[in-house]
Amino acid sequence: MLDPKLIRQDLAATAAKLKHRGVTLDIPRLNSLEEQRKTLQTRLQDLQNDRNVRSKAIGQAKAKGENVDPLFQELKELNDSLKLTEEQFTQIQTELNDLLARIPNIPHESVPIGKSEADNQIIRTWGEPRKFDFTPKDHVDLGEKIGMDFPTATKIAGARFVVLRGTLAKLQRALVQFMLDLHTTEHGYQEIYVPYMANSESLFGTGQLPNLKEDLFAINNDAGFYLIPTSEVSVTNTVRDEILESDQLPIKYVCHSPCFRSEAGSYGKDTRGMIRNHQFEKVELIHIVHPDKSYEAHEEITRHAEKVLQLLELPYRVLSLCTADLGFAAAKTYDLEVWLPSQNCYREISSCSNTEAFQSRRMKARYRDPETGKPELVHTLNGSGLAVGRTLVAILENYQDEKGRIKIPLALQKYIQADYV
RNA sequence: GGAGAGAUGGCUGAGUGGUUGAAAGCGACGGUCUUGAAAACCGUUGAGUCUUUACGGGCUCCGGGGGUUCGAAUCCCUCUCUCUCCGCCA
């Protein structure tokens with residue numbers, strides 16, 4: 001959520017910045033709603049004040065044993081107009097809030113302006129794509145021979161699921177273990193385990209609701225749970241409605257979880273293999289930081305995700321997403337893209353975003369400023385470190401030999417006692 | 001699943017219709033005292049929001065939502081959560 005003050009006081013400039021994201025604000029409507037809100041709220045509060053004062057007077061008069069009947073009559077009339085004003089105010093306020101809740105974050109000034117993903121900016125490239133003296137197979141061809149089973153997954157659940165058996169299942173587990181160990185021992189994260197279902201307040205807090213509801217799996221029960229599309233939802237919401245002491249910051253969590261995405265709207269896209277499944281494993285990095293430190297933290301979290309790829313010796317590049325490609329909550333995002341030989345291109349394997357106060361405002365996640373003693377919004381960041389399913393894909397494809405065997409990366413050999421899968 | 005008890009400020013905990021945003025204690029902060037510290041004493045100490053250049057003033061909030069009433073932390077309905085006992089169970 002944007003600061004409502006921007007809508008009130010700086011609407012034109014805000015609209016101009018959002019225009020780069022391809023979002024057009026309905027300025028006349030916002031202005032009109034805001035004007036009505038102000039009028040109604042002032043009127044409502046005056047009426048409430050009037051009611052409070054008079055009601056107190058009744059209490060005092062009664063205590064003295066005076067006749068209070070005339071006072072009753074006045075208040076009954078006042079209450080009628082109060083009720084009416086209250087209804088009008090609530091309606092306008094709801095309308096305005098619904099509108100505000102659907103406005104995405106404002107891109108940071110360092111974000112490249114662009115019209116599509118083609119305008120994303122390459123920040124750096126690491127490693128050299130391997131030269132093959134044979135035609136590299138894709139992860140599906142490689143995987144099917146060693147325990148990657150799509151037909152069985154389809155039977156159990158449907159399309160966009162996978163069954164992994166034997167060493168392949170173990171390889172995925174080794175990747176999780178490796179990433180968690182790296183981030184907890186080398187990068188100073190605290191490991192955290194969280195629910196894989198979340199309520200709508202949490203999904204609203206991180207920005208998946210109301211706009212991105214289509215991407216979620218809803219649980220069909222009274223509690224109104226959703227399966228988490230990323231543990232960012234659960235982990236970031238640990239600080240929802242909290243006022244943290246400033247010495248608690250920064251908070252750095254690492255969390256392994258499955259992620260569930262409906263992939264509505266991506267029909268026909270990456271239908272083959274493990275690239276885009278309804279369920280996948282991810283190790284997520286979360287920072288809760290002082291607002292002055294969030295861009296520093298953004299570089300740090302990105303480096304931490306990169307480190308995983310470096311240790312696995314997987315070639316990758318870092319992109320700064322342009323204004324048109326930014327996610328709803330993000331002010332700035334670096335995507336990490338890993339080299340996939342079968343596709344002869346780089347594919348997203350991590351996304352590291354600074355949401356600034358966008359999520360914390362929705363969540364009321366604050367820290368106490370030691371100078372003023374006042375609560376202020378924290379900044380929140382999230383980054384995949386990494387998407388485990390896609391890392392598995394990258395390893396299969398980059399570490400294959402001519403016979404279709406997969407060499408185990410050096411960094412994983414302490415987790416998996418084999419040279420090859 | 002059955003029976004019961006609860007949910008109040010950073011914490012403990014009073015408050016069952018009328019100057020109660022809320023006693024008291026603890027904690028925290030500031031001050032006095034002290035060479036310094038402790039103790040003691042005095043004072044301050046919730047959040048959100050609206051309005052205002054500012055000073056200030058107002059409104060809302062006692063788990064969430066709804067209702068009764070001139071007036072609700074207090075009464076009613078409902079939901080959520082917590083605790084105790086029983087049953088079941090990874």
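All values below were derived from every heavy atom in this structure, side-chain atoms included, with hydrogens, water molecules and symmetry-related copies excluded. So that the names make sense, note that chain A is the first sequence line, chain B the second, and so on, each numbered from 1.
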| query | 5'-most contact on RNA chain B: A:Leu44 or A:Arg8, nearest heavy atom basis? | reply | A:Arg8
| field | Counter-base of B:rG1, judged by Watson-Crick or G-U geometry with both distances under 3.5 Å | value | B:rC86
| remark: Given the options A:Val421, A:Asp141, A:Leu168, A:Leu396 meets side chain to side chain contact (heavy atoms under 4.5 Å, CB included) only with A:Leu168
| query | Among residues 356-369 of chain A, which contact RNA chain B at a heavy-atom distance under 4.0 Å? | reply | A:Arg366, A:Arg368
| task | Determine the Euclidean distance between corresponding P atoms of B:rC29 and B:rG46; express it in Å to zero decimal places. | result | 16 Å
| request: If B:rC81 has a Watson-Crick or G-U wobble mate with both distances under 3.5 Å, name it; if not, just say none. | output: B:rG6
| message | Measuring only the C1' atom in each nucleotide, how far is B:rA73 from B:rG18? A whole number of Å is fine. | response | 14 Å
| note | In Watson-Crick or G-U wobble terms, with both distances under 3.5 Å, the base opposite B:rG71 is none
| Distance, nearest 0.5 Å, that separates CD1 of A:Ile288 from CG of A:Asn382 | 9.5 Å
| said: Can you check the distance between B:rC62 and B:rU74, where both ends of the measurement are the P atom (answer in whole Å)? | reply: 8 Å
| Inter-residue atom distance A:Ile192.CD1 - A:Ser234.OG, 0.5 Å rounding | 9.0 Å
| query | Between B:rG27 and B:rU12, how far is it from one C1' atom to the other, in whole Å? | reply | 10 Å
| Nearest listed nucleotide, side chain of A:Lys374, among B:rG58, B:rC50, B:rA47 | B:rA47
| task | Rounded to the nearest angstrom, tell me the gap between atom CG in A:Leu78 and atom P in B:rU69. | result | 16 Å
| task | Report the base-pairing partner of B:rA22 (Watson-Crick or G-U wobble, both distances below 3.5 angstrom), or none. | result | none
| field | C1' atoms of B:rA28 and B:rU35, separation to the nearest Å | value | 27 Å
Could you run down the sub-3.5 Å N/O contacts of the protein with nucleotides 70-79 of chain B?
{"from": "B:rC70", "atom 1": "OP1", "to": "A:Lys76", "atom 2": "NZ", "distance (Å)": "3.3"}
{"from": "B:rC70", "atom 1": "O3'", "to": "A:Asn79", "atom 2": "ND2", "distance (Å)": "2.9"}
{"from": "B:rC70", "atom 1": "O2'", "to": "A:Ser55", "atom 2": "OG", "distance (Å)": "3.2"}
{"from": "B:rG71", "atom 1": "OP1", "to": "A:Asn79", "atom 2": "ND2", "distance (Å)": "3.3"}
{"from": "B:rG71", "atom 1": "O4'", "to": "A:Ser55", "atom 2": "OG", "distance (Å)": "3.2"}

| message | So A:Asp46, base contact, sugar-phosphate only, or nothing? Heavy-atom distance under 4.0 Å. | response | nothing
| field | Proximity of A:Phe260 and A:Tyr196 rings by center, below 6.0 Å | value | no
| request: Compare every heavy atom of A:Arg361 with every heavy atom of A:Met1, then report the nearest pair and how far apart it is. | output: O-NH1, 2.8 Å
| query | Reckon A:Asn52 has a side-chain N or O less than 4.0 Å from the OP1 or OP2 of B:rU60? | reply | yes
| task | Return the value, rounded to whole Å, for the distance between atom CD1 of A:Ile7 and atom P of B:rC50. | result | 13 Å
| Options B:rC59, B:rU51, B:rG48, nucleotide nearest the side-chain atoms of A:Pro375 | B:rG48
| remark: Taken to the nearest whole Å, CZ/A:Arg37 to P/B:rU60 is 16 Å
| Is it the case that more than 12 heavy atoms not belonging to A:Gln417 sit under 6.0 Å from its CD atom? | yes
| query | Who is the Watson-Crick or G-U wobble partner of B:rU16, with both distances under 3.5 Å? | reply | none
| task | Sticking with atom C1', work out how far B:rC61 lies from B:rU8, rounded to a whole angstrom. | result | 12 Å
| task | Check every strand shown and say whether A:Arg43 touches a base, only sugar-phosphate, or nothing at a heavy-atom separation below 4.0 Å. | result | nothing
| field | Salt-bridge present (A:Lys407, A:Asp401; N to O < 4.0 Å) | value | no
| task | Under a 3.5 Å limit for both distances, which nucleotide forms a Watson-Crick or G-U wobble pair with B:rG46, could you say? | result | B:rC61
| request: Answer yes when A:Arg29 and A:Glu95 have at least one side-chain N-carboxylate O distance shorter than 4.0 Å, and no when they do not. | output: yes
| field | side-chain hydrogen bond (donor to acceptor under 3.5 Å, both in side chains) between A:Ser32 and A:Gln36, intermediate numbers included | value | CA-CA 6 Å; A:Ser32 147; A:Gln36 290 178 74; 3.2 Å; yes
| message | Rounding to an integer number of Å, can you tell me how far A:Glu245 CD sits from B:rG27 C1'? | response | 12 Å
| task | Starting from P on B:rG21, measure out to CG on A:Asn49 and report it in whole angstrom. | result | 13 Å
| If only atom types and distance count, is the side chain of A:Thr355 paired as donor or acceptor with the main-chain N or O of A:Thr380 below 3.5 Å? | yes
| How far, in whole Å, is B:rG6 from B:rG63 if one measures between their P atoms? | 14 Å
| field | Pairing partner of B:rA40 (Watson-Crick or G-U wobble, both distances under 3.5 Å) | value | B:rU32
| query | Taking the side chain of A:Gln45 as heavy atoms from C-beta outward, which of B:rC59, B:rA47, B:rU51 is closest to it? | reply | B:rC59
| remark: Atom CG of A:Asn199 and atom P of B:rG64 are separated, to the nearest Å, by 15 Å
| Is A:Glu300 paired with A:Arg303 through a side-chain N to carboxylate O contact shorter than 4.0 Å? | no
| When rounded to the nearest Å, what value does the distance between P atoms of B:rG57 and B:rU68 take? | 34 Å
| task | Would you mind reading off the distance between A:Lys5 atom NZ and B:rC50 atom P, rounded to a whole angstrom? | result | 6 Å
| query | In whole angstroms, how far is the P atom of B:rC50 from the NZ atom of A:Lys38? | reply | 10 Å
| task | Please collect all side-chain hydrogen bond (donor to acceptor under 3.5 Å, both in side chains) contacts where either partner lies in residues 284-295 of chain A, sequence neighbours excluded, each pair once. | result | A:Tyr189-A:His287, A:Lys282-A:Glu284, A:His290-A:Tyr367, A:Ser294-A:Asn354, A:Ser294-A:His379, A:Tyr295-A:Glu356
